[in-house]
Amino acid sequence: MKKNFYITTTLPYVNAAPHIGFALEIVQADALARYHKELLGEEVFFNTGTDEHGLKIYRKALEEGKNPQAYTDEYAPKFDKLKSALNLSYTHFVRTTDRHHVHAAQELWKRCATRGDIYKKSYRGLYCVGDEMFLKDSDLVEGKCPNHPTMDPIEVEEENYFFKLSAYREKLLEHLSKNETIIPERRRREAIQFVENGLDDFSVSREKQRLSWGVPVPGDETQVMYVWFDALTNYISTLGWPEDAEGSYKKFWENGVVVQTAGKDQIRFQSIMWQAMLMSAGVKTTDTVVYHGHIISGGQKMSKSVGNVIDPFEIVEKYGTDALRYWLLREAPTFEDGDFTLDRFKESYNANLANGLGNLVSRVITMASTNGVKTPGSGGLENDPALVPFWKCLDAFEIKKAADYVWQRIADADKKIDETKPFKLVKENPEGAKKILEELLAEVDKIAFMLKPLLPETSEKITGALQHPESVQPLFPRIGK
RNA sequence: CGCGGGGAGGAGCAACUGGUCGCUCGUCUGGCUCAUAACCAGAAGGUUGCAGGUUCGAAUCCUGCCCCCGCAACCA
């Protein structure tokens with residue numbers, strides 16, 4: 001029986017245009033989703049969306065002279081636009097301002113409260129507006145927030161609700177003891193260390209008078225949920241939890257394989273807090289969280305002031321969707337930071353897309369069609385033993401390695417042409433040449449098949465060209481200097 | 001002693017469970033001509049940041065030091 005596969009990205013905050021780092025996350029998720037759906041034939045629920053509550057958005061909206069809802073209504077579609085720009089296959093797009101999501105967040109709160117894990121206490125301390133978090137003395141670096149050294153923490157006293165994270169130490173350690181809970185392994189050790197260093201209960205609400213833009217705390221009109229508590233709930237609210245009228249929650253979360261993708265900075269939120277919240281509410285924990293690296297530009301973090309920000313839409317417009325997908329999936333390390341520069345991007349485009357993949361497809365198809373050799377019927381590739389290394393890479397979330405394998409096959413095919421010289425052989429031994437050309441066509445067909453989750457559009461083009469060789473067009477025209 | 005990542009041939013990376021330093025791009029030479037000035041072969045190019053130590057043997061382990069990057073905003 002086929003499994004059901006659930007995959008979700010984190011929800012980007014809508015206070016700025018889509019970042020290429022998020023493009024990386026969602027393209028990785030898309031490749032995995034397509035792999036499970038199109039190659040393994042599983043049913044896939046692929047979620048993404050936008051995180052729309054919290055102080056930063058509230059402020060941003062005020063800055064632009066809009067009310068927060070109008071502001072987010074304007075920004076959310078920009079993220080949905082990534083779908084066509086990057087050829088994404090997500091099936092659901094959740095907004096944390098959706099009515100159902102708000103309801104789900106409140107229900108999750110109630111369950112945690114019923115369990116006795118949410119309590120109210122007066123808290124007085126230093127508060128970092130950047131993180132929207134209270135700071136512990138041990139967090140302070142020279143009196144400032146370590147994450148926001150240029151912002152002065154403010155002295156705040158207020159009554160907040162807290163979540164008893166400290167009560168979940170043992171359960172979290174047990175959860176994290178399973179290898180597959182976090183990919184890659186290094187990050188799992190990081191998470192374990194974080195838990196072992198001691199967990200503090202965290203504040204899960206804000207006084208409404210200070211921040212009204214959030215989900216109301218059930219049963220307390222003076223408080224609004226801390227944005228993280230609300231946002232994390234999206235992973236199950238999108239499935240229809242808690243009512244589960246359509247049965248998706250049961251099907252994909254309880255009885256499916258649950259995978260989340262997130263940036264490497266998200267460990268404490270996704271693998272610690274969220275998992276503890278799920279445990280508290282009596283909901284199954286996430287099976288696997290895959291953490292990717294960040295994309296830097298020219299050796300540095302992208303920033304507007306440095307002027308090295310890469311706009312994913314711009315790259316797509318100039319070089320095409322699959323050119324960017326290719327870079328994100330193969331040129332960037334799957335789990336570590338990747339350095340994007342336009343020069344390197346063009347270089348790898350020419351070397352691997354134009355000269356490698358594009359040229360191979362072009363030479364094989366042209367040669368075959370001028371000699372009247374047709375593509376043998378394909379099919380059954382799902383079980384082709386020759387593709388096992390490819391499956392294994394993707395099963396282990398090693399997307400780059402999977403792509404490396406495809407390009408190894410491309411190189412092998414080029415070598416084979418050179419060694420067997422079918423273009424020459426056809427004069428002396430037409431039958432032998434025909435056989436070789438058929439093998440090459442079959443190999444191109446396999447390459448197209450493996451490319452389905454990685455470069456879906458290119459994959460289709462190749463398949464189409466194999467059927468209609470007369471209409472073959474260059475897949476990736478070379479980029480001039 | 002704030003935390004973390006990293007220093008490898010011109011560039012980007014693999015090897016980091018110790019045992020001939022590998023790959024891609026670029027460069028040079030040769031081959032080929034089916035193909036998108038593409039493809040194939042070969043070559044040049046590194047005492048693996050520095051200094052010690054452990055070891056028969058270290059890029060890989062230990063110690064000290066130097067340098068770069070991220071940890072403010074925009075932002076994943």
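Predicted model, so just to flag it, every value in this text is computed and none were measured. Each chain gets a letter, A, B and so on, in the order the sequences are listed, and its residues count up from 1. For the numbers below, each heavy atom of this structure counts, side chains included, while hydrogens, waters and symmetry mates do not.
- A side-chain N or O of A/Ser166 and one of A/Asp201 form a donor-acceptor pair less than 3.5 Å apart.
- Annotated stems with RNA chain B as a participant read B:2-7 with B:66-71, B:10-13 with B:22-25, B:27-31 with B:39-43, B:49-53 with B:61-65, given as range with range, by first number; only runs of 3 or more Watson-Crick or G-U pairs under 3.5 Å qualify.
- Going from the C1' atom of B/U27 to that of B/A35 covers 24 Å, rounded to whole Å.
- As a whole-Å value, the separation of A/Asp404 CG from B/C23 P is 14 Å.
- Aromatic ring centres of A/Trp213 and A/Tyr71: separated by at least 6.0 Å.
- Rounded to a whole Å, the CD atom of A/Glu347 is 13 Å from the P atom of B/A38.
- Look at A/Asn15 and you'll find a side-chain N or O under 4.0 angstrom from OP1 or OP2 of B/C75.
- Ion pairing of A/Lys452 with A/Glu457 is absent here, as no side-chain N (NZ or NE/NH1/NH2) approaches a carboxylate O to less than 4.0 Å.
- For the pair A/Arg363 CZ and B/U36 P, the interatomic distance rounds to 11 Å; values are reported in whole Å.
- To the nearest angstrom, P of B/G31 lies 21 Å from CD1 of A/Ile417.
- Residue A/Ala354 is in base contact, counting any heavy-atom pair closer than 4.0 Å across all strands shown.
- For A/His294, whose side chain is taken as the heavy atoms from C-beta onward, the closest listed nucleotide among B/A35, B/C75, B/A76 is B/A76.
- Heavy atoms of A/Leu360 sit nowhere under 4.0 angstrom from any nucleic acid atom.
- Nucleotides B/G31 and B/G70 place their C1' atoms 48 Å apart, quoted to the nearest Å.
- For the P atoms, the distance from B/U63 to B/A73 is 34 Å, rounded to whole Å.
- An OP1 or OP2 oxygen of B/C34 is reached within less than 4.0 angstrom by no side-chain nitrogen or oxygen of A/Lys424.
- Ring to ring, A/Phe252 and A/Tyr6 are not that close: their centroids are 6.0 angstrom or more apart.
- No cation-pi contact links A/Lys83 to A/Phe93, judged by a cut-off of 6.0 Å to the six-membered ring centre and 45° from its axis.
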Dump every N/O contact between nucleotides 40-43 of chain B and the protein below 3.5 Å, one line per pair.
| unit_1 | atom_1 | unit_2 | atom_2 | d |
| --- | --- | --- | --- | --- |
| B/C40 | O2' | A/Asp418 | OD2 | 3.3 |
| B/A41 | OP1 | A/Lys415 | NZ | 3.2 |

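- Residue A/Pro12 is in sugar-phosphate contact alone, with no base atom involved, counting any heavy-atom pair closer than 4.0 Å across all strands shown.
- Counting non-hydrogen atoms under 4.0 angstrom, A/Ile365 reaches nothing in the nucleic acid.
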Which atom pairs link the protein and nucleotides 12-14 of chain B when you take only N or O atoms and keep those under 3.5 Å?
| unit_1 | atom_1 | unit_2 | atom_2 | d |
| --- | --- | --- | --- | --- |
| B/G12 | O2' | A/Arg344 | NH1 | 2.9 |

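- Remark: the separation of the C1' atoms in B/G19 and B/C61 is 14 Å, to the nearest Å.
- Checking the phosphate oxygens (OP1, OP2) of B/C75, no side-chain nitrogen or oxygen of A/Lys304 falls inside 4.0 Å.
- Partners of A/Ser362 under the side-chain contact (heavy atoms from CB on, under 4.5 Å) rule, at least two apart in sequence or in another chain, are A/Thr366.
- Rounded to an integer number of Å, the gap from A/Tyr349 OH to B/U36 P is 14 Å.
- Ionic pairing of A/Glu439 and A/Lys416 is present here: one or more N-O contacts between side-chain nitrogen and carboxylate oxygen are shorter than 4.0 angstrom.
- Under 4.0 Å is where a charged nitrogen must lie from a carboxylate oxygen, and between A/Arg188 and A/Glu185 at least one such pair does.
- Not less than 6.0 angstrom separates the ring centroid of A/Tyr349 from the ring centroid of A/Trp327.
- Taking atom C1' in both B/U48 and B/G18, the straight-line distance is 14 Å, to the nearest Å.
- Between the CG atom of A/Asn355 and the C1' atom of B/U24 there is a distance of 13 Å, rounded to whole Å.
- Residues meeting the side-chain hydrogen bond (donor to acceptor under 3.5 Å, both in side chains) test with A/Asp98, sequence neighbours left out: none.
- Between the C1' atoms of B/A59 and B/U17, the separation comes to 15 Å (whole Å).
- Remark: the separation of the P atoms in B/U20 and B/A76 is 45 Å, to the nearest Å.
- Between A/Lys434 and A/Glu431 no salt bridge is recorded (no basic side-chain N to carboxylate O distance below 4.0 Å).
- Ring centers of A/Phe340 and A/Phe345: under 6.0 Å apart, within the cut-off.
- When distances run from any side-chain atom of A/Leu475 to the nucleotides B/U33, B/A73, B/U36, the shortest one goes to B/U36.
- Checking B/C32, B/C25, B/A76 against every side-chain atom of A/Ala351, the shortest atom distance belongs to B/C25.
- Distances were taken from every side-chain heavy atom of A/Arg186 (C-beta onward) to each of B/A76, B/A73, B/G5; the shortest belongs to B/G5.
- Put simply, A/Arg478 has no side-chain N or O that comes within less than 4.0 Å of OP1 or OP2 on B/A37.
- Among the atoms of the strands shown, base atoms are found under 4.0 Å from some heavy atom of A/Gly358.
- In this structure, A/Gln300 reaches the sugar-phosphate backbone alone: every heavy-atom distance under 4.0 Å involves primed, P, OP1 or OP2 atoms, never a base.
- Residues meeting the side-chain contact (heavy atoms from CB on, under 4.5 Å) test with A/Leu62, sequence neighbours left out: A/Tyr58.
- With the nearest nucleotide of RNA chain B identified for both A/Arg330 and A/Val14, A/Arg330 has the one nearer the 5' end.
- When distances are taken from the side chain of A/Lys56 to each of B/C74, B/G5, B/C34, the shortest belongs to B/C74.
- Taking the six-membered ring for Trp and the full ring otherwise, A/Phe45 and A/His92 have centroids separated by under 6.0 Å.
- You'll find the ring centres of A/Phe476 and A/Tyr326 outside the 6.0 Å limit.
- For B/A38, its base never sits under 3.5 Å from the side chain of A/Asn359 at any donor and acceptor pair.
- The CG-P distance, from A/Leu328 to B/A76, rounds to 15 Å in whole Å.
- Annotation: B/A11 and B/G53 have their C1' atoms spaced 34 Å apart (nearest Å).
- Taking atom CZ of A/Phe269 as the reference point, atom C1' of B/C75 lies 14 Å away to the nearest angstrom.
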